[in-house]
Amino acid sequence: MRLTAQEVYDKLVNEDGILQLEGQIKFYLGDVNIIVKQRDVVGNIMQEWLQGWLDKRGIEYAPSENTQMPPDFFLNPDDKTKNLLEVKAFNRNRGPGFDIADFRMYEEEIINKPYMLNVDYLIFGYDMNDDGVVTIKDVWLKKVWEITRRMEDWPINLQIKDNVVHKIRPGIWYAEDTARTDYTVFESLEDFISAIEEAVFQNPKTHNNAGTWKAAFLRSYKQETGIDLSIPRWSEIKDKYDLKSVRKLEKAKSDLAKATDQYEKIKERIQLYHQKLHVEQEKNNVGKVGKIQDDIEKQKKNAEKAKEKINKAQAKIDELEG
DNA sequence: CATGAAACCTTGCCTATGCG
DNA sequence: CGCATAGGCAAGGTTTCATG
């Protein structure tokens, strides 16, 4: 039986009820039996489990030729450019920490094999309790651009050690609270490619290929799919993925509005006090005149403070917009 | 002196990131 | 990959302040 990645997903979730199952990782050597409670191994175990599951359900596949690179499974053994499946797993109580691929290999790979962009990622979000019991909290089927994002100083989320680029790592694609996320995952294949191109340029080790990378990729992609992709410039799309700056700008604007409002109210208040002062001066009410004069001085200080707030907010807006 | 609104502080939670 | 950590955000409580 041959299934697509989507059919595999549906079968796992709907027919086999994977979200209701419980598992445990056991190991024995001699007469010593242990239950593995370390999470490092769960990803590999899940991949092997899926292979066992495919076998048991009689689903055809060819296994990976290179365990370092996606995919893990070719669901169509006769055409190893279609229906490719990559399996990932991560601790659902934390963020996804798995690697997508080594950046340099990936950047070259998608020129040589553009169909790799179409790999389906089957992702398990698991939980492991103190007894080592593993349960699957979530399963997703995703394309690569749906699980990757930019980072502060790079167009794609990269693991960087001693200034050297290593792996592409995922973002959080399932956040229910966007107020807490700084960078959203990419909206399209085109934006993802734009980010890769920019990263090829920014990375010292690939910088020299940057001039030809995009053209080479587009040629290869067209040859394989017949499609002329239109890739936006990174500088034109980068801001929409930076929610942090968007929020900062909004806050600065609201601070400015508030401070301006405050400033106006204080000015009105001072005017009112001046009127009162006038009345009491006419009455020669020395005590009250002194008190009102004190009040006016106080309000003038408040006005200065408000003015400072206004300037600060305006400076922030200029900085973020400029 | 009481009141209500705004400013301020604390705490817990979550994400992003760097390192081993 | 896991883990530690920093920093941002929300909620809730508390303080401060203008005002009647």
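Numbered from 1 within each chain, the chains take letters A, B, ... in sequence-line order.
- Contact check on Lys222(A) versus Asp228(A) returns a salt bridge, with a Lys/Arg side-chain nitrogen under 4.0 Å from an Asp/Glu carboxylate oxygen.
- Straight-line distance from the CD1 atom of Ile147(A) to the P atom of dA16(B): 14 Å, rounded to whole Å.
- In this structure, Arg92(A) satisfies the cation-pi test against Tyr174(A), with its NZ or CZ atom closer than 6.0 Å to the six-membered ring centre and inside 45 degrees of the ring normal.
- The backbone N or O of Trp145(A) sits nowhere less than 3.5 Å from a side-chain atom of Trp173(A) that would complete a donor-acceptor pair.
- Whole-Å rounding puts the Asp153(A) CG to dA16(B) P distance at 15 Å.
- Minimum atom distance to the side chain of Arg269(A) is reached by dA18(C), of the listed dA18(C), dA16(B), dC9(C).
- With Tyr241(A) as the fixed residue, the side-chain contact (heavy atoms from CB on, under 4.5 Å) test singles out one of Met151(A), Arg149(A), Glu187(A): Glu187(A).
- Just one residue in the list Ile59(A), Ile45(A), Leu12(A), Asp72(A) forms a side-chain contact (heavy atoms from CB on, under 4.5 Å) with Leu50(A), and that residue is Leu12(A).
- Following rounding to the nearest Å, Tyr174(A) (OH) and dA16(B) (C1') show an atom-to-atom distance of 12 Å.
- Distance, Lys251(A) NZ to dC9(C) P: 8 Å, rounded to whole Å.
- The cationic atom of Lys88(A) (NZ for Lys, CZ for Arg) does not lie both less than 6.0 Å from the six-membered ring centre of Phe124(A) and within 45° of the ring axis.
- The CG atom of Asp182(A) sits 10 Å away from the C1' atom of dC9(C) (whole-angstrom rounding).
- A cation-pi arrangement is absent between Lys142(A) and Tyr121(A), since the terminal nitrogen or guanidinium carbon is not both under 6.0 Å from the aromatic centre and inside a 45° cone about the axis.
- Per the geometry, CG belonging to Asp242(A) stands 12 Å off C1' belonging to dA16(B), to the nearest Å.
- Atom-to-atom, CG of Leu243(A) to C1' of dG8(C) comes out at 13 Å; the value is rounded to the nearest Å.
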Between the protein and nucleotides 6-11 of chain B, are there any N/O to N/O pairs under 3.5 Å, and if so, what are the atom names and distances?
| from | atom 1 | to | atom 2 | distance (Å) |
| --- | --- | --- | --- | --- |
| dA7(B) | OP1 | Gln262(A) | NE2 | 3.3 |

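- Residue-level contact check: Asn302(A) touches the backbone only, with heavy atoms under 4.0 Å from sugar-phosphate atoms and none from bases.
- The phosphate of dT19(C) (OP1 or OP2) has a side-chain N or O of Tyr273(A) nearer than 4.0 angstrom.
- Counting non-hydrogen atoms of neighbouring residues, nucleotides and ligands closer than 6.0 angstrom, the NZ atom of Lys11(A) exceeds 12 such neighbours.
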Would you tabulate the nitrogen or oxygen pairs shorter than 3.5 Å linking the protein to nucleotides 2-7 of chain C?
| from | atom 1 | to | atom 2 | distance (Å) |
| --- | --- | --- | --- | --- |
| dG2(C) | OP1 | Tyr126(A) | OH | 3.0 |

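- Looking at Glu224(A) and Lys113(A), no side-chain N of the basic residue comes within less than 4.0 Å of a carboxylate O on the acidic one, giving no salt bridge.
- Summarising the geometry, the separation between OH on Tyr183(A) and C1' on dT15(B) is reported as 11 Å, rounded to the nearest angstrom.
- In the set dA16(B), dG20(B), dT19(C), dG20(B) carries the atom at the smallest distance from any side-chain atom of Lys161(A).
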